[in-house]
Amino acid sequence: MKKWFAVIGDPIHHSKSPEMHHFWYDDLQEDAAYVPIHVTPDTLEQAVTSMKVLGISGWNVTIPHKEAIIPFLDELDEQAKHMGAVNTVVRQADGTLKGYNTDGLGFVRSLEEAVGTNEKNRALLLIGAGGAARGIAFALVASGYTNITIANRTVEKAQAIIQELGVGQACSLVEAGEQLAQYGILVQTTSAGLNDAFSMPFSLDHLAAHAIVADIVYNPLMTPFLEAAQQKGATIVTGVGMFVHQGAIAYEHWLQKTPNTNAMIARIT
Ligand code: SKM
């Protein structure tokens with residue numbers, strides 16, 4: 001029987017997940033379909049129940065449901081539990097639903113694909129303290145990056161993540177901008193660049209030489225933050241790698257096969 005998968009979100013029309021997964025089904029000769037489904041917050045519980053009843057093999061979860069979906073699932077992977085967010089649901093053999101988070105690890109894979117694995121000791125500045133930053137912070141620590149500072153407009157939110165992580169420190173965006181020269185890796189997780197093409201969390205005037213600067217936004221590919229960093233001579237990591245790798249890890253959970261990430265990154269870059 002044909003397997004089917006989905007991505008749920010509000011809005012959902014912009015998602016490139018259906019195109020990406022269909023590319024991999026063709027490549028790996030998988031008899032499967034992947035559909036975008038528009039689910040609003042007030043219908044989330046009904047949507048989960050319906051998909052469970054209809055026998056869907058699994059689905060991705062995007063904004064704004066990553067946290068809200070948790071009470072409707074039967075089980076949570078340990079990492080997803082720590083992160084408090086789910087972006088991948090797997091229907092298990094007994095029909096129960098298990099939630100995973102593949103965003104954080106997707107980011108780490110993308111970063112290491114771009115710059116290798118020898119940068120773990122450099123001081124890393126994570127900008128933002130929302131759901132995406134939380135997932136990335138846990139995945140970074142699990143992958144051996146412990147020299148982490150989380151900068152956020154509301155320092156208490158950054159402090160709360162640091163407390164859960166058990167390592168690192170928190171500061172304000174202003175402080176981060178002032179101390180910028182001390183950081184070797186910057187990871188931009190706020191929506192600056194997504195909603196307002198000219199917004200920047202802070203100026204990159206004091207960016208260190210040879211810094212690595214990553215953004216998690218993949219549309220547009222070059223955010224104002226990355227453009228400014230590139231002008232300063234930094235190594236740039238766009239959000240495309242994270243998007244493709246989170247999808248590939250989800251694919252592995254669902255179908256136990258490793259899809260071709262390089263071909264996909266080249267396709268949407
Ligand atoms: O975490 C991912 C999600 O799995 C799929 C997605 C999309 O289709 O745009 C974006 C991210 O939230």
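Positions are given from 1, in the same order as the sequence printed here. In each ligand, atom 1 is the first atom listed, and ligand 1 is the first ligand listed.
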With heavy-atom distances below 4.0 Å as the criterion, list the atoms of ligand 1 near [X].
X	result
Tyr218	9 (O)
Asn60	4 (O)
Asn87	1 (O), 2 (C), 4 (O)
Val7	8 (O)
Phe243	6 (C), 7 (C), 8 (O), 9 (O)
Lys66	1 (O), 2 (C), 11 (C), 12 (O)

Inter-residue atom distance [X].[atom1] - [Y].[atom2], 0.5 Å rounding:
X	Y	atom1	atom2	value
Thr190	Leu173	OG1	CG	8.0 Å
Ile265	Met20	CD1	CE	9.5 Å
Leu125	Phe202	CG	CZ	5.0 Å
Gln230	Phe225	CD	CZ	13.0 Å

Nearest protein heavy atom with distance in Å, relative to [atom]:
atom	value
atom 5 (C) of ligand 1	Ser17 OG, 3.6 Å
atom 1 (O) of ligand 1	Asp103 OD1, 2.6 Å
atom 10 (C) of ligand 1	Thr62 OG1, 3.5 Å
atom 4 (O) of ligand 1	Gln246 OE1, 2.8 Å

Take the angle between the ring planes of His21 and Tyr34 and call it parallel below 30°, perpendicular above 60°, tilted in between.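 Parallel: the ring planes of His21 and Tyr34 meet at under 30°.
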With respect to Lys16, determine whether any N or O atom, backbone or side chain, lies less than 3.5 Å from an N or O atom of ligand 1.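 No; the residue has no nitrogen or oxygen that sits under 3.5 Å from a nitrogen or oxygen of the ligand.
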Winner among Pro36, Ser15, Gly247, Gly9 once heavy atoms are compared against atom 9 (O) of ligand 1: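 Result: the heavy atom closest to atom 9 (O) of ligand 1 is in Ser15.
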Regarding Lys120 and Glu112, does a basic nitrogen lie under 4.0 Å from an acidic carboxylate oxygen?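 Salt bridge between Lys120 and Glu112, a charged N being under 4.0 Å from a carboxylate O: yes.
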Pairing of Arg134 and Asp103 as salt bridge, 4.0 angstrom limit: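 Result for this pair is no, no salt bridge flagged.
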Decide whether the shortest distance between a heavy atom of Trp59 and an atom of ligand 1 is less than 4.0 Å.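 Checking ligand 1 against Trp59, which is what was asked, there is no heavy-atom contact under 4.0 Å.
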So, the side chain of Ser172 versus the backbone of Val155: is there a donor-acceptor pair under 3.5 Å, distance only?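 The answer is no, because no donor-acceptor pair under 3.5 Å joins these two groups.
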Just by modelled atom types, is the Asn87 backbone N or O under 3.5 Å from a matching donor or acceptor in the Asn60 side chain?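 Pair found, side chain donor or acceptor close to backbone of Asn87.
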